[in-house]
Each structure stands twice: as structure tokens, then as C-alpha cells.
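Right, one structure below, let's go through it.
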2 protein chains.
Amino acid sequence: MELDERKRKILQAIIRNYLETGEPVGSRTISKYTDLNLSSATIRNEMADLEELGYILQPHTSAGRIPSDKGYRLYVDTMLMEKEEQLSQATQEVKEMQQILLEKEDKMEAILKQMAKVLAVNTNYATLVSAPQVKGNKLKFIQLSKVDVRQLLTTIVVEGNVIKNTMIQVAEPLDDETLLKLNILLNTNLNGLPIEEINLAMIAKLKQQAGIYNDIISEVMDAVAAVIKEDEDIEIYTSGTNNIFKYPELSDNQRASELITTFEEKQLLTELVQDTLTEEKNTGIQVYIGNETPVKTMKDCSVVTATYELEEGMKGTIGIIGPRRMDYDKVISTLKTLKSQLDTLYKKE
Amino acid sequence: MELDERKRKILQAIIRNYLETGEPVGSRTISKYTDLNLSSATIRNEMADLEELGYILQPHTSAGRIPSDKGYRLYVDTMLMEKEEQLSQATQEVKEMQQILLEKEDKMEAILKQMAKVLAVNTNYATLVSAPQVKGNKLKFIQLSKVDVRQLLTTIVVEGNVIKNTMIQVAEPLDDETLLKLNILLNTNLNGLPIEEINLAMIAKLKQQAGIYNDIISEVMDAVAAVIKEDEDIEIYTSGTNNIFKYPELSDNQRASELITTFEEKQLLTELVQDTLTEEKNTGIQVYIGNETPVKTMKDCSVVTATYELEEGMKGTIGIIGPRRMDYDKVISTLKTLKSQLDTLYKKE
DNA sequence: TGTTAGCACTCCACAACAATGAGTGCTAAT
DNA sequence: ATTAGCACTCATTGTTGTGGAGTGCTAACA
């Protein structure tokens, strides 16, 4: 048996309807509300076929049909509407978002948080935004400053303008000259160096050159190490977690609790982000349906992600998490426009 | 009618039992499981009195009684156990927490997050930890550094070692001498200055002295302004939100959704934190029962908070949010020990 | 041969009803 | 003052029955 055009149309109709209502859809509904002009009996026959082919399921004998993961997959891959209406609506929303984003919000962190929030409010799904991850980091600038008699401040800037500070307590005051020397020592040796290349030998050499101040060098290197480490776990901002309660299929205690935990322990979400960053296809948009998600607590959800890219090769992820019956059309086109806007917006600056 | 000793004992027994089971407790239970040696009938009479006095409630005619807010209040104010057993157990838990906390975690942020998490795991309630809020801020150190030909880095350190950085783009390269001059200008004028005192006149003066570089000063002052602003909204870390699902009285969709939102939009929690910081009593521990909480979405919860204090007058809040029938004894003694440990621990350093 | 009307069948959802039992208030006896 | 006893209340649970949405199958039709 084969999936001819008519079957595709019926499947599409079933999915559309189910996305709207969340209720199993019966043959009569399809017969009435499509332009196929077929009786319910015919539809029934076709539906039986579609079920045999694995695109739809029957929750129980005398219920209508709901899409299977395979059905959703086909829909997402080949049946999205891409109507202008749909698209322009998305563009509209993205425009609004942009406006909000650009209201002179300066800090990256604030922008990303805001982005997650606006997206959540607009879509009614839970959202996630990962801060851009830098790959192939280079140390760009390193500096020790005297804040106080006993306190030194380390400032480390990594490619992509990620800045980190640490305070160092010193036993006895340093004079300005020594401080200058240490700074020169650090910068001449470390500037422009890929972080991976800072190894034990390197550190030993520095310490040796620093003479009696080698313990300060140690602490500075600890700070650098911390930067590297911190860089590994990506910052992730989430919003709209409460939206899951809008979908009964996700809001029973068991599931809700698991999902909330997943969103709270951002740990698990990093897997998702990592996955999207590596698995990335041509479009930069990915759709995980049900069990396809890398995070098992989300097996009853669908996840749509977009990868965005700022200058200097910094990549981040935007994700939308909702029920299987998510409005794929809207979500995907929103993400697409947002992505392209982001890509160009930040490249121009 | 008066609340004699026997009534108090019965009330206490009712509350204890209800805290454990979460079910309305009947006269027979009290009669059997206390050392009062009274028949259920007598207990019933007493219970009727207690109800009339407002300490307990009947969910419906033929159900047992549950404590009212007034009942809980009396319990918390005058009936906590303070058994050695209880206390030493709490100390034990705090010790474990300390150990985890002190495992060379360097960053304040990480410590606080960790603290919230450990507390949540140990208590089975949702927790909140606010980062210490600095009052009467002084600027301690300010510095411009050249990171790149076109990029300057501003580093601002405020009393209590809060450090902020901002990047500034410059149209044309600055030579080292000018940079030094600007730095001296900034530091001599701003160091040690309470943040409130940096006003327009001050800024105008600086700009004038900076001559052609006054636009750089502008940007630096913007950064300072951002620090002040950022300081106003307190950083709050939460954990164990999913614990609310362990208590049926909180986990119906409506309530759960509201609570989750409250925890996500930390905005609302700041009210709570502000309240505890200002309302603070002698002990530093506060208990909000049901409607007493300043956050209305938590009207079905009880909240126990502790205020801790680090050096330089930085104060923060630790909060535990659970159902009305929270294990007040355990929570309060845990927070008490944790608070005192924190207070002393950080004062010594 | 594809389509459709018709019919028997299935099974969930929902309401009505009864049984259970935990708990109460009240009264009368101790 | 305390308690045994009893009638009463009411949430919970289980049973049963009915309605309706939806199906699969068969037979008739174009």
C-alpha cells in the first residue's frame, strides 16, 4: 500500500485538526471540513490504511485518530503551510520582539533573558535561550590591578569579549613597579594564546620568571582555569515554564514535576543545546518530536530549536518546548525569522 | 472560654499529627495516641471548643479537624519542640551542607546556588537564597584598560567586592599616556565615593576635565549607572521548585502554575526578600503562615526565612517555601543553625 | 472498481445510585 | 467532669446504566 495524494491530504487534515483541538479526530469531521467531498465511510477506509502505515493511532477502539510521531514527522518535513499570512504574522511578532530587545538593553544576559520571555509569551510554550558558546577560545587580555593594600583584581578577557574577574588576597602589599612587571609578564606570555595551550610547562615557566611572586601567578592561573571550566557549562535562560500547564497532556503531576525539574536543573538542557549545535542541518532549524529529543524527560514533548550566530563564530541556541501537538507552522516560522534577523542584526554591528 | 493547658495539649497533638499525615485528624486518633487518657468523646468536646476559639477548622461536617492559620501561629510561637534530638539532627544536616559548600567553591554565585539546592534536597521544600544586598555602596576602584585598538574595558569595583565590567568601543586609538590620565582622573574623583553622591554636577566636572575625551567619560558613567541599577534588583537563586508536587494541596494545576511562575519571575520573590530584610525581628528568623506572606500567590504556603549577614554589612535571605503543614520544627532549627554558622563563618575570614 | 449508506458493535464519559466508614454532636448514665 | 452509646452527616468508592461518538463491515450503487 502506498501513500497517495489523497491519503496525504487526509493525514494533513487530521493533524491540523488535532493540533487545534487536542481531541482525537473522527472520520465525520474530516469528511465535513475538507474540500475532498468524500463521505465519512470512505475517510474511514483511508484512515484504516493510514493507521496500518503507522501515521496515525487510535487511543481506543471507538475513538477517533491522533497523529503518531511518524505522522508528525512527515507533517513537519513536507506539509508545513508557509502561507504568506502565517509568515508575515511571524515577522510581525519578531519585529515586536526586536523592538523590545533593542530598547537599549546593554547586557547580553538581560537581552537573552528577555528574548526567552518574549518568545514564551508569544508562543505559549516554554522557551530556552543559550548564551553563545565560544569555541576555540583565545585569551585576549589579562590584567592585575591593585584595588586595596591586600587585594588584587584579576581581569581576564577571552575572545568574544567574555570578561571574568577574581579577587586575590595578598599577604603583603605589592609596589606598583612589581605589579607592572607581573602584568607585562602575563600579557607577553599569554595574550592571543588559545586556552588549550596553557599547560603545566607554560605555568612553570611563568612561575619561575615571577620569582618570589610565583604564588600570585598560581592564583591567576587558577582564575584562568576557572574561566575555562565555566566556559564548558553553557549559560541557559528559560522562560514560560508554567506554560506546560496549558496542555493537559503535560500537566499531570508526574510529568509536570519532571519537566519543571529539567528546566530548573539546567544541566539537562545543556545536552539538548549541545545536540542542536552539533547535529545542525542546513537550515539551522531542528525539530525533535516526542521520543526524538535527546532529553528523556521530554519524551512527551516536541522541541523546536534554532541556532543563531553572532560575530566571531559565537553560536547559541533558541529552543521552544511544547506538547507534541505544537503549532509547528507558527513556531518554525517564528524561529526562522528570528534566527535570520539575529544573524544579520549582529553581523552588521 | 479559655485556652487551658489541656486544650493546648490537644491542639498540639492535632497539629503534630496533621503535619505528619496531611489528613484531617479525628477525636479517636487523639484519644489513642496521646498520654492524656481521655475518651474520644471528651476530646470531641474539647475540639468543639478549639474550633469555636478559631484554632482549628472542619473541612466538612463529618471530617476531622485541621489547624487554622491561627492554630499554626500559636504552634510556631509557643509550641516548637526544640528537642536536643531535633536540634542535633539539624546541626548534622547543616554540617553536611557546610562541607559541600566549602569544597573550594570559589564564586559567590555558585555557593548560593549550591546552598539553595542542598537545602531543598534536605528539606523537601522549595528554597530561595538571595545574594547579599549591599547598602550604602561605595565605589572602591575604577579602571579603564586597553584591550584592543578600538576597545576599552571598564572595571568597576564596589564595596563588598562586587565587580562589573563593560566594554567601550572607541572611534580612534588612545595612547597609553591619555589612558593613564583618564584613570587618574576617574580614581581621584570617584574612589571611596558613595554611589548616591555621583550626580550630574560631578559628571559635568569630570567631562570638562577630560577635554576631548569627554565622551569616554560619558560611557564610563553609563556603566557606573548600570551598576547602581543592577544593584537594586537583588539576585535570587531558587531550587527544589518541583518539591511542591510532593504536597497534593499545592499541586493542582492552578496553584502549581502560579507557584512555578512566581519562582521563575524572581521579581515577585524580591518582595518577599525585601520584606524579611526590613521586618526583621530579633531572632533573624521569620515565619509567614498562609495569608501572612507578602506574596499573594503563596497564600496556601508557609514561608520560613532567615537573614544572614556577611562582612561589611551585606545582608541576604534564605527562604524555605512549603505547604502550610510544613515541618516547622525541623525547618526552623535547620535555618537557625545554618544562619549562625554562616554569620560566624564569614565574619572570621 | 471506487464510493457510499446503513447497521451492528465498541467503549469512553458521565450521571445516578447505593454502600462504606470515618467522624461528629448530643443525650443520658456513671 | 467524663464517657458510652446512638443517630446523623458526608466524602469516598464502587456499581450500574445510558448516551453518544466513532468504528468496521457489508451490501448496494454509479
Side-chain angles (χ1 to χ4, degrees), chain A residues 1-11 13-18 20-68 71 248-249 252, chain B residues 1-11 13-18 20-68 71 248-249 252:
Chain A
M1 186 177 11
E2 211 179 302
L3 189 71
D4 57 18
E5 191 53 27
R6 198 172 70 176
K7 285 193 176 53
R8 286 176 55 91
K9 277 201 171 167
I10 292 173
L11 176 59
I14 293 174
I15 296 183
R16 290 263 163 78
N17 193 288
Y18 185 69
E20 264 183 41
T21 64
E23 298 290 315
V25 11
S27 53
R28 191 143 181 285
T29 317
I30 300 299
S31 157
K32 272 179 90 172
Y33 300 104
T34 59
D35 47 4
L36 291 170
N37 280 326
L38 293 172
S39 78
S40 61
T42 314
I43 303 287
R44 274 204 289 286
N45 290 328
E46 295 289 53
M47 280 166 106
D49 290 354
L50 281 170
E51 182 164 5
E52 202 179 329
L53 287 168
Y55 293 107
I56 52 179
L57 302 169
Q58 228 177 349
H60 57 87
T61 332
S62 69
R65 305 303 214 288
I66 63 174
S68 68
E249 62 266 49
D252 64 300
Chain B
M1 187 177 12
E2 212 180 299
L3 190 70
D4 57 17
E5 191 52 30
R6 198 171 72 177
K7 284 192 175 54
R8 285 176 56 91
K9 276 200 171 168
I10 292 173
L11 176 59
I14 293 173
I15 296 183
R16 290 263 164 79
N17 192 288
Y18 185 69
E20 263 184 42
T21 63
E23 298 290 315
V25 8
S27 54
R28 188 138 184 290
T29 316
I30 299 299
S31 156
K32 272 179 90 172
Y33 299 104
T34 58
D35 47 5
L36 290 171
N37 280 325
L38 294 171
S39 77
S40 62
T42 313
I43 303 288
R44 274 203 290 286
N45 290 327
E46 295 289 55
M47 281 166 105
D49 290 354
L50 282 170
E51 182 165 7
E52 202 179 327
L53 288 168
Y55 293 107
I56 53 180
L57 302 169
Q58 226 176 349
H60 57 87
T61 332
S62 69
R65 306 304 214 288
I66 63 173
S68 69
E249 62 266 49
D252 64 300

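Quick note on labels: first sequence line is chain A, next is B, and so on, each numbered from 1. What you see is a predicted model, and the numbers here were worked out from it, not measured in a lab. Atoms considered below: every heavy atom in the structure, side chains included; atoms not considered: hydrogens, waters and symmetry mates.
B:Thr42 comes within 4.0 angstrom of a nucleotide base, judged by non-hydrogen atoms across all strands. Residue-level contact check: A:Ser40 touches neither bases nor backbone, having no heavy atom under 4.0 Å from any strand. Among the heavy atoms of the strands lying under 4.0 Å from A:Ala41 is at least one base atom, whether or not backbone atoms are also near.
Nucleotide D:dT2 holds its P atom 9 Å from the CG atom of B:Asn45, rounded to whole Å. Note: CD1 (A:Ile66) to C1' (D:dT23) measures 16 Å, nearest angstrom. As a whole-Å value, the separation of A:Gln58 CD from D:dA21 P is 17 Å. One interatomic measurement links the two molecules: CZ of B:Arg44 to P of D:dC8, which rounds to 16 Å at whole-angstrom precision. Atom-to-atom, CD1 of A:Ile56 to P of D:dG22 comes out at 14 Å; the value is rounded to the nearest Å. The separation between A:Glu51 atom CD and D:dC25 atom P is 12 Å, rounded to whole Å. Taking atom CG of A:Leu36 as the reference point, atom P of C:dT3 lies 11 Å away to the nearest angstrom. Nucleotide D:dG24 holds its P atom 13 Å from the CD1 atom of A:Ile43, rounded to whole Å.
Side chain of A:Thr21 to main chain of A:Asn17: a donor-acceptor pair is present (N/O by atom type, distance under 3.5 Å, no hydrogens or angles). Between the B:Ser68 side chain and the B:Leu57 main chain, no donor and acceptor come within less than 3.5 Å of each other.
Not a single donor-acceptor pair, N or O on each side, falls under 3.5 Å between the base of D:dG24 and the side chain of A:Arg65. Side-chain atoms of B:Arg28 and base atoms of C:dG21 include no donor and acceptor less than 3.5 Å apart. With hydrogens and angles ignored, a donor-acceptor pair closer than 3.5 Å exists between the side chain of B:Ser62 and the base of D:dT9.
Phosphate contact (OP1/OP2 of C:dT24, side-chain N/O of B:Thr61, threshold under 4.0 Å): absent. Contact check, A:Ser27 against D:dT23: a side-chain N or O comes under 4.0 Å of OP1 or OP2.
You'll find that the side chain of B:Ala48 is closest to C:dG25, out of D:dT3, C:dG25, C:dC11.
A:Arg6 is listed as a side-chain neighbour of A:Thr42, based on a closest heavy-atom distance under 4.5 Å. A:Leu3 has its side chain within reach of A:Arg8: a pair of non-hydrogen atoms, C-beta onward, lies under 4.5 Å apart.
The side-chain contact (heavy atoms from CB on, under 4.5 Å) test with B:Arg65 singles out one residue from B:Ile15, B:Ile56, B:Leu50, and that residue is B:Ile56.
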